[in-house]
Amino acid sequence: MAINLSKGQKVDLTKTNPGLSKIVVGLGWDTNKYDGGNDFDLDSSVFLLNGQGKCSAETDFIFYNNTTGANGAVVHGGDNRTGEGEGDDERVRVDLNNVPASIEKIAFTITIHEAEQRGQNFGQVSNSFVRIVNEQSNEELIRYDLGEDFSIETAVVVGELYRHNGEWKFNAIGSGYQGGLASLVKDFGLDV
């Protein structure tokens with residue numbers, strides 16, 4: 001039975017699931033049909049962060065054009081350009097046991113591609129969620145439904161995996177940004 005999280009809630013992942021190593025982080029969303037006629041293209045991205053909460057190199061930014069990081073421990077499943085249908089729209093596989101020790105947090109984000117040019121924002125997105133699934137058993141362990149409390153934001157940090165006393169935990173963040181992917185990249189210590 002999955003644990004449903006609220007914004008700001010933190011939960012143990014590996015301590016409560018002994019032996020858990022390989023997970024799938026599924027991200028999903030639906031878009032409002034009254035969006036001005038432009039297609040919506042939402043993208044998930046992953047930032048591999050050091051103890052200061054920054055990427056150490058450009059290779060620590062995982063997205064549809066750089067799908068593998070952390071020496072192969074984090075793999076992005078590719079870009080879904082429509083978000084249509086049920087279930088996960090994009091998926092990221094993480095092998096927790098093989099994430100290099102220099103990476104203390106793994107942040108998961110969703111951004112709207114060309115949001116400013118298309119006049120789109122997260123006020124037009126609904127049913128956004130992130131969930132963590134045990135890759136071996138396909139059991140959903142954690143789910144965080146982001147809710148509808150966004151309006152002008154064009155990027156959202158949905159949650160992060162982080163190390164604490166040798167165990168992995170998950171933090172449901174749900175923090176919105178203006179400025180899209182560029183603002184996230186800058187905040188996580190990379191050049192735009």
Side-chain angles (χ1 to χ4, degrees), residues 13 21-29 31 39-85 87-118 120-122 125 128-133 135 142 144 146 153-163 168-192:
L13 183 61
S21 170
K22 295 183 179 184
I23 61 169
V24 174
V25 179
L27 300 111
W29 51 78
T31 56
D39 288 338
F40 261 93
D41 181 10
L42 276 70
D43 298 310
S44 64
S45 301
V46 181
F47 294 88
L48 308 176
L49 308 174
N50 60 25
Q52 291 73 46
K54 304 291 183 189
C55 293
S56 298
E58 286 187 14
T59 54
D60 291 340
F61 170 38
I62 312 302
F63 66 112
Y64 58 85
N65 275 342
N66 178 39
T67 58
T68 303
N71 297 330
V74 178
V75 179
H76 191 294
D79 189 13
N80 175 336
R81 298 185 145 239
T82 65
E84 292 183 6
D88 302 334
D89 290 310
E90 294 187 9
R91 300 180 79 155
V92 179
R93 292 178 59 235
V94 181
D95 184 347
L96 298 170
N97 290 348
N98 289 317
V99 173
S102 60
I103 297 169
E104 294 190 20
K105 292 181 181 178
I106 303 172
F108 296 89
T109 69
I110 301 173
T111 57
I112 303 172
H113 183 66
E114 297 181 346
E116 288 82 8
Q117 298 92 312
R118 296 178 182 184
Q120 298 170 343
N121 58 55
F122 272 93
V125 176
S128 298
F129 68 86
V130 60
R131 68 190 193 113
I132 296 179
V133 175
E135 185 179 64
I142 297 170
Y144 170 42
L146 273 70
E153 295 86 350
T154 55
V156 177
V157 178
V158 295
E160 67 185 11
L161 289 167
Y162 66 99
R163 295 183 204 257
W168 284 97
K169 293 184 162 201
F170 183 78
N171 182 8
I173 295 178
S175 178
Y177 281 72
Q178 293 181 31
L181 185 58
S183 68
L184 288 177
V185 167
K186 188 175 178 187
D187 278 4
F188 287 128
L190 297 174
D191 292 327
V192 179

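Counting begins at 1 with the first residue of the sequence.
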Any side-chain heavy-atom pair from [X] and [Y] closer than 4.5 angstrom?
X    : Y    : result
L161 : L96  : yes
E58  : N66  : no
S45  : T109 : yes
L146 : V125 : no
E90  : L42  : no
S21  : D95  : yes
W168 : I106 : yes

Between [X] and [Y], what is the shortest heavy-atom contact and its length?
X    : Y    : answer
A115 : T154 : CB-CG2, 3.6 Å
H113 : Q120 : O-OE1, 4.4 Å
A107 : F188 : CB-CZ, 4.0 Å
R131 : D88  : NE-OD1, 2.7 Å
I112 : N121 : CD1-C, 3.4 Å
H76  : I62  : CB-CG2, 3.8 Å

Original post:
What do the steps show when you test F63 against V185 for side-chain contact (heavy atoms from CB on, under 4.5 Å), and what is the final call?
Top reply: CA-CA 11 Å; F63 66 112; V185 167; over 6 Å; no
How about [X]: does its [atom1] atom have over 12 heavy atoms from other parts shown lying under 6.0 Å from it?
X    : atom1 : answer
K169 : NZ    : yes
R93  : CZ    : no
K54  : NZ    : yes

Can you tell me if [X] uses its side chain to pair, donor with acceptor, with the backbone of [Y] under 3.5 Å?
X    : Y    : answer
D89  : W29  : yes
K186 : L181 : no
S183 : G180 : yes
T111 : A155 : no

[X] side, atom [atom1]; [Y] side, atom [atom2] - distance, nearest 0.5 Å:
X   : Y    : atom1 : atom2 : result
D43 : Y64  : CG    : OH    : 5.0 Å
L27 : Y144 : CG    : OH    : 12.0 Å
C55 : N50  : SG    : CG    : 8.0 Å

Subject >> side-chain contact (heavy atoms from CB on, under 4.5 Å) assessment of N71 paired with N98 >> reply: CA-CA 8 Å; N71 297 330; N98 289 317; over 6 Å; no
**OP:** Please assess I173 against E160 for the test side-chain contact (heavy atoms from CB on, under 4.5 Å), listing each intermediate value before the final yes or no.
**Re:** CA-CA 7 Å; I173 295 178; E160 67 185 11; 3.6 Å; yes
Original post:
Going by the angle between their ring planes, with limits at 30° and 60°, are F47 and F61 parallel, tilted or perpendicular?
Top reply: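 Judged by the thresholds at 30° and 60°, the geometry between F47 and F61 is parallel.
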